[in-house]
Participant: 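The structure that follows is given in the form of structure tokens.
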Amino acid sequence: QVQLVESGGGLVQAGNSLRLSCAASGRTFSSYVMGWFRQAPGKERDVVARISRSGTVTRYADSVKGRFTISRDNVKNTVYLQMDSLNPEDTAVYYCAAAATSSIDSAIGDYNSWGQGTQVTVSS
């Protein structure tokens, strides 16, 4: 498994941007599909974005498509989530996770390493 630590959350006004980072330990970061997930109070944890091991393929939830961008740096062992045009519905705890799989379309159950989460709050 890989250890993950998120950072970059905070309180922002609607329309503004935030950039989340997730630093991974270990020397096999490039062998993991990475994902960002979020969980709002009283709701299930949902996928936000995923990125392939090489970083060339990405997937987004419909609710964030065109506003969020996932990227990774396999030298720095870090995955990022650039969040633009934030709105109050984006308020949640954001988690990064790693899946030891070759498929970017893996189910949430395939993600076996999780960070501790970082709070994002968007005020109207």
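Residue indices begin at 1 and follow the sequence shown.
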Participant: Under a 4.0 Å threshold between the charged nitrogen and the carboxylate oxygen, would Asp46 count as salt-bridged to Arg38?
Facilitator: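 No salt bridge links Arg38 with Asp46.
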Participant: What orientation do Trp114 and Phe37 show, parallel under 30°, tilted 30 to 60°, or perpendicular over 60°?
Facilitator: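 Rings of Trp114 and Phe37: tilted, 30 to 60°.
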Participant: Would you name the heavy atoms of Ala92 and Gln119 that are closest together and state the gap between them?
Facilitator: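 Heavy atoms only, the tightest pair is O-NE2, 3.4 Å.
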Participant: Can you see whether Thr56 engages Ser54 through a side-chain donor-acceptor pair at a distance of less than 3.5 angstrom?
Facilitator: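 The answer is yes; a qualifying pair exists.
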Participant: So which heavy atom on Ser106 is nearest to which on Arg50, and how close?
Facilitator: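 So the two residues come closest at O-NH1, 3.9 Å.
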Participant: Can Arg72 be said to sit on top of Phe29's aromatic six-ring, NZ or CZ under 6.0 Å from centre and within 45° of the ring axis?
Facilitator: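 Yes, a cation-pi geometry.
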Participant: Provide the closest heavy-atom pair for Arg53 versus Asn74 in the form atom of the first, atom of the second, distance.
Facilitator: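 Minimum heavy-atom contact is O-ND2, 3.0 Å.
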Participant: Looking at every heavy atom in both Val33 and Thr101, which two are closest together, and how far apart are they?
Facilitator: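 For Val33 versus Thr101, the nearest heavy atoms are CG2-O, 3.3 Å.
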Participant: Report all side-chain donor-acceptor pairs from residues 7-26 shorter than 3.5 Å, counting only partners two or more places apart or in another chain.
Facilitator:
from	atom 1	to	atom 2	distance (Å)
Ser17	OG	Asp84	OD1	2.7
Ser25	OG	Gln3	N	3.2
Ser25	OG	Gln3	OE1	3.0

Participant: Keeping the roles fixed (side chain from Arg59, backbone from Ala49), state whether a donor-acceptor pair exists under 3.5 Å.
Facilitator: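 Not at all, since once roles are kept as given, no pair shorter than 3.5 Å links the two residues.
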Participant: List the steps, then state whether side-chain contact (heavy atoms from CB on, under 4.5 Å) holds for Tyr32 with Leu4.
Facilitator: CA-CA 12 Å; Tyr32 292 89; Leu4 304 171; over 6 Å; no
Participant: On a heavy-atom basis, which atom in Leu81 and which in Tyr94 lie closest, and how many Å separate them?
Facilitator: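 Looking at all heavy atoms of both residues, the closest pair is CD2-CD2, 4.2 Å.
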Participant: Any pair with a residue in residues 39-80 that passes disulfide bond (SG atoms under 2.5 Å apart), sequence neighbours left out, goes on the list, sorted by first then second residue, please.
Facilitator: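 Listed by first then second residue: nothing to list.
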Participant: For Asp90 and Arg67, what are the C-alpha separation, side-chain angles and deciding distance, and is it a side-chain contact (heavy atoms from CB on, under 4.5 Å)?
Facilitator: CA-CA 11 Å; Asp90 296 316; Arg67 300 188 298 121; 2.8 Å; yes
Participant: What disulfide bond (SG atoms under 2.5 Å apart) pairs are there with at least one residue in residues 31-88, not counting sequence neighbours?
Facilitator: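 Qualifying pairs, neighbours excluded: none.
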Participant: Please indicate whether Lys43 has more than 12 foreign heavy atoms, meaning atoms of other residues, nucleotides or ligands, lying under 6.0 Å from its NZ.
Facilitator: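 Not more than 12 within 6.0 Å, no.
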Participant: Is it true that, when you exclude Gln116 itself, more than 12 heavy atoms of the residues, nucleotides or ligands shown sit nearer than 6.0 Å to its CD?
Facilitator: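 Yes, enclosed.
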Participant: Minimum heavy-atom separation for Arg45 to Tyr95, with atom names?
Facilitator: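 Heavy atoms of Arg45 and Tyr95 come nearest at NH2-CZ, 3.4 Å.
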Participant: Compute whether any side-chain donor of one residue and acceptor of the other, for Glu89 and Thr91, lie under 3.5 angstrom apart.
Facilitator: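 Side-chain D/A pair, Glu89 to Thr91: absent.
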